[in-house]
Amino acid sequence: MSNKLNLTLKVWRQESSDSHGDFVDYSMEGVNPHMSFLELLDVLNERLITEGMDPIAFEHDCREGICGSCAMSINGEAHGPVKSTTACQLHMFHFNDGDTITVEPWRAKSFPVIKDLAVDRSAFDRIIQSGGYVSVNTGSAPDGNAIPIDKETATMAFDAAACIGCGACVSSCKNSSASLFVSAKISQFSKLPQGQPEQKQRVLSMVAQMDKEGFGHCTNTGACEATCPKDISMDNISTMNKEYLKAILS
Amino acid sequence: MLLNQLKVFISSTIGKKMVVATTGLLFCLFLLAHLANNFVIYTGAENFNFLVKSLEKIKPLIRLAEVMLVLILGGHIYNSITLALKSKKAKGIANQSKIDVANASLSSRTMVFTGSILFIFLTVHLSTFWYTFQTSGRHDYYFMVTSESFGFGNILITSLYLVAMIILGFHLRHGFQSAIKTLGIGNTALGKLLSLLSVIFWLFVPAGFFSIAFWFGIVKHFGLV
Ligand code: HEM
Ligand code: FES
């Protein structure tokens, strides 16, 4: 028995990476509050296509909060105002009738806009390629209890591994720092035995690539942690720094 | 090999930030010692003059400490500003829509601003107190501190000191605990203990300096007691 919403959407429209962008207003009537934010954009796009206009480009894939594609800032916050939620899992009942909602792409030099809300996040791929993997042969799946790992450590590694690489941390950070992302990727391996053999080179390479991509430094403001849809902890950044220092000194 | 590694370290954002953190913390230790000295002024002109004069006797040591402090502060400012400039470039276009919640503390977002005010303060502080202490040839330090020309007899100077100490508190409110995280010990027992102790540095130390300027520049100057 939910009431339909009438909303004004202010969406960032930008033809290409080197063209000038601006907000365009769209009024939307009778919005079903059970729609997700991406479904709202779908509805708007269908209308735009019917009217012979250019639909809004935005990235999406799983629509269940696990792939990290739905990168967009909603009312100035990465993935919108609801904590621990991706834009695809953000439902319209969190908004009020009559609201004006602003939607814009991630803001960072290293994430150039491709079109409208879609940005090029391949900088993250290159950071992963530089060392965010385990290449030692770990054989076929061993017995689960063969390598004892205490619960706390396992949980920390799992929590770090929950990062979906969406880039919200970079966009929320005043410095456009990728520290939360890179540190989660470093931590998830550094906590576990399988990550140890390549630990030193991994940390050095990933940090070097992060700097090369032009991301800023970490001021520990905490904006990343506050807006991360997967609640990645800033403790990982401290872990990354420690591992980096160890790698430099060893 | 190690030299190469150090070159990599000092040109990385993490390495630079660790220099900012280390130098910031070292400067905090200096402030603690500086404040302990200053508190002697509450015990009267004679004790204060005697204390500063006895520092003259260990002049070479003081000079060495001064050179180290200049290096520490130089390293702090150079690296923090280099990082700030790099990160400003990294943002490109800022977020266009205003967030109605602050996801980060005010003190953490204003480190460049508060740092710059501290720099202005230090310039004034050194070109007045430090310079005159060195060059006046007199040993009436208490008189200089309370003088009208550049001491707490001058309400403008007093105001600058009062404001600067609030700003210092702000800088260290974020800075001290942030430095602990930067150095990679944020998750350890030591790090947690140091974060608890951070109140000494961001509250008590600035408040101590503030009290001296307030006592001599406001309370005594305007004859409130
Ligand atoms: C004199 C001029 C100063 C300037 C221009 C300055 C500038 C800065 C800046 C911009 C940062 C933030 C770095 C970042 O973005 O993370 C910073 C951090 C810091 N500053 Fe200063 N600062 C100054 C003086 C001081 C003083 C006098 C102290 C200590 C008594 C101090 C202690 C710290 C500490 C502990 C940090 C935190 C480092 C970290 O987050 O890891 N600063 N400073
Ligand atoms: S579309 Fe996959 S996380 Fe949102």
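Below, chain A is the first sequence line, B the second, and so on; all start at residue 1.
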Looking only at heavy atoms, what is the nearest atom pair of A90(B) and N175(A), with distance?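 In terms of heavy atoms, the two residues are closest at CB-O, 3.7 Å.
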Toward chain A, the part of A21(B) with a non-hydrogen atom under 4.5 Å: neither
Side chain, backbone, both or neither: which part of L2(B) has an atom under 4.5 Å from a heavy atom of chain A?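 For L2(B), the side chain is the part near chain A, not the backbone.
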Answer yes or no: are there more than 12 heavy-atom neighbours, outside [X] itself, under 6.0 Å from its atom [atom1]?
X: Y42(B); atom1: OH; answer: yes
X: K59(B); atom1: NZ; answer: yes
X: F214(B); atom1: CZ; answer: no
X: L3(B); atom1: CG; answer: no
X: Y78(B); atom1: OH; answer: no
X: E152(A); atom1: CD; answer: no
X: F119(B); atom1: CZ; answer: no

Is the shortest heavy-atom distance from the side chain of L245(A) to the side chain of M18(B) under 4.5 Å? yes
Going by atom types only, do N187(B) and T239(A) share a side-chain donor-acceptor pair under 3.5 Å?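 Yes, a side-chain donor-acceptor pair sits under 3.5 Å.
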Region of [X] that comes under 4.5 Å of a non-hydrogen atom in chain B:
X: D211(A); answer: both
X: L204(A); answer: side chain
X: S250(A); answer: backbone
X: A247(A); answer: backbone

Greatest number of non-hydrogen atom pairs under 4.5 angstrom with chain B, of G222(A), C224(A), S179(A), A108(A), falls to A108(A)
Most contacts with chain B, counted as non-hydrogen pairs under 4.5 angstrom, among K242(A), K109(A), K10(A): K109(A)
Pairwise distance OG(S108(B)) to NZ(K174(A)) - rounded to 0.5 angstrom: 7.5 Å
Just give me the residue among A104(B), G15(B), G92(B) that pairs up with chain A most often, heavy atom to heavy atom, under 4.5 Å. A104(B)
Identify which of K89(B), Q177(B), K88(B) forms the greatest number of heavy-atom pairs closer than 4.5 Å to chain A. K89(B)
Yes or no on side-chain contact (heavy atoms from CB on, under 4.5 Å) for K98(B) and N75(A), after CA distance, side-chain angles and deciding distance? CA-CA 7 Å; K98(B) 263 217 151 24; N75(A) 284 343; over 6 Å; no
Residue by residue, scan [range] and write down, ordered by number, those that have a heavy-atom distance under 4.5 Å to chain B; if none do, write 'none'.
range: residues 214-221 of chain A; value: G214(A), F215(A), G216(A), H217(A), C218(A), T219(A), N220(A), T221(A)
range: residues 91-107 of chain A; value: T102(A), E104(A), R107(A)
range: residues 17-25 of chain A; value: F23(A)

Intermediate values then yes/no, side-chain contact (heavy atoms from CB on, under 4.5 Å), I14(B) and M240(A): CA-CA 9 Å; I14(B) 295 181; M240(A) 168 173 75; 3.9 Å; yes
For the side chain of K91(B) and the backbone of C173(A), is there at least one donor-acceptor N/O pair under 3.5 Å apart? yes
Walk me through it: do S172(A) and N103(B) pass the test side-chain hydrogen bond (donor to acceptor under 3.5 Å, both in side chains)? CA-CA 9 Å; S172(A) 306; N103(B) 283 321; over 6 Å; no
Write out, in numerical order, the residues from residues 178-185 of chain B with a heavy atom short of 4.5 Å from a heavy atom in chain A.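 Interface residues of residues 178-185 of chain B: S178(B), I180(B), K181(B), T182(B), G184(B), I185(B).
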